[in-house]
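What follows is one structure encoded as structure tokens, with my remarks underneath.
Numbering starts at 1 and runs along the sequence shown. As the structure lists them, so they are numbered: ligands from 1, and atoms in each ligand from 1. When reading the values below, keep in mind they use all heavy atoms of this one structure, side chains included, and skip hydrogens, waters and symmetry mates.
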Amino acid sequence: MKIKLITIEDTKKPQINQVLESLKSEKQAAASNGDEEKANNCWRELEALELNILFIKVFHDLKAKNYRQAWDELEQCEIKYGFISNNSTLEYLDTSRLNFIKNKINKFQSLYPYCVFCSPGFKVGYYSCSICGHKFSPRSRCEHKKGKVYNGELCLHEVHDMEMLEISIVTRPVQKYSVMHDDSTLDFTLIERLVSYLDHAFEDWDINWTKMRFPIERFSNVSKDDKCPCKSGETFGACCMDKGYVEIPHVDFIFSKPLPSDAEAITFPY
Ligand SMILES: [Zn+2]
Ligand SMILES: [Zn+2]
């Protein structure tokens, strides 16, 4: 049985739910019969299907301009992809669209204006294995590896007696949920333009970051105390004002289909 899974409407089809449910019960049956290989295969199929659905939600939320929601879903996609790829062949990742999704996750993230995050620091009492319950100590581990699937279950390390110590402000967070911006103050034009030309989540596209050089005369309305248009974060006076030109980060979108000719315009803020 083949079911089309491309749009948000497709994800709501009862057949999709049926497939998810039957994979779950197949996995359980295989696990209780000791058929580890089958249980692991069912786990992989389940995760891959869920990742496809989640990625379609990302696309839907980007179209609807729910950027923060889509950001959180992108992070969930990235984590899910990590666990699946840890337990799959390269061929599987290609044939189940997962590599396509992974590639697009990173590119969507790179188009976000987010740059400041908070990162909590914790003191942990002890960890235990989610598969066998073993309590870890420096000299005592179990045979299970974190991130590997055993009999259809993912091995994670569970944290106990956790105590929050501090919150740091960082630019490259371990987990990307903790965005410290107010979306209403940010510019999402890049993503908005990109998705406006895409019809569905699995249409191919690419981006190419370059720099475009503009003569200094174009910036006569920028004063020396304004932020420099080159996005260095410094003031214009301390940065490019005396250079004769300004190099601005520029992104080209590459689509797999021809676009209407009016879509090829370059947007330039000065
Ligand atoms: Zn264990
Ligand atoms: Zn500059």
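- Evaluation of the side chain to side chain contact (heavy atoms under 4.5 Å, CB included) rule for Glu153 yields Lys27, Ile131 as partners, not counting sequence neighbours.
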Let me check something: any side-chain donor-acceptor pairs from residues 30-42 under 3.5 Å, sequence neighbours excluded? List them with distances.
from: Ser32; atom 1: OG; to: Gln28; atom 2: O; distance (Å): 3.0
from: Ser32; atom 1: OG; to: Ala29; atom 2: O; distance (Å): 3.2
from: Asn33; atom 1: ND2; to: Ala29; atom 2: O; distance (Å): 3.2
from: Asp35; atom 1: OD1; to: Lys38; atom 2: N; distance (Å): 3.2
from: Glu36; atom 1: OE2; to: Asn151; atom 2: N; distance (Å): 2.7
from: Asn40; atom 1: OD1; to: Asn151; atom 2: N; distance (Å): 3.2
from: Asn40; atom 1: OD1; to: Gly152; atom 2: N; distance (Å): 2.7
from: Asn41; atom 1: OD1; to: Arg44; atom 2: NH1; distance (Å): 2.6
from: Asn41; atom 1: ND2; to: Glu37; atom 2: O; distance (Å): 3.4

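- Under a 4.0 Å N-O distance rule, the pair Arg68/Asp61 does not qualify as a salt bridge.
- The Zn ion (ligand 2) has Cys228 SG, Cys230 SG, Cys239 SG, Cys240 SG as protein N, O or S atoms under 2.8 Å away.
- Asp204 has a carboxylate O that lies under 4.0 Å from a charged side-chain N of Lys104, or vice versa, which qualifies the two as a salt bridge.
- Under the 6.0 Å cut-off for aromatic ring centres, Tyr126 and Phe136 do not qualify, their centroids lying 6.0 Å or more apart.
- Salt bridge status for Lys57 with Glu73: absent, with no side-chain N to carboxylate O gap under 4.0 Å.
- Taking the centre and axis of the six-membered ring of Phe253, the NZ or CZ atom of Arg193 falls outside the cone set by 45° and 6.0 Å.
- Here the Zn ion (ligand 1) has protein N, O or S atoms under 2.8 Å from it, and they come to 4.
- In summary, of the residues considered (Trp205, Phe59, Phe188), a ring pair (Phe, Tyr, Trp, His ring centres under 6.0 Å) with Phe108 occurs for Trp205 alone.
- Here Lys24 pairs with Glu21 in a salt bridge; the nearest charged N to carboxylate O distance falls below 4.0 Å.
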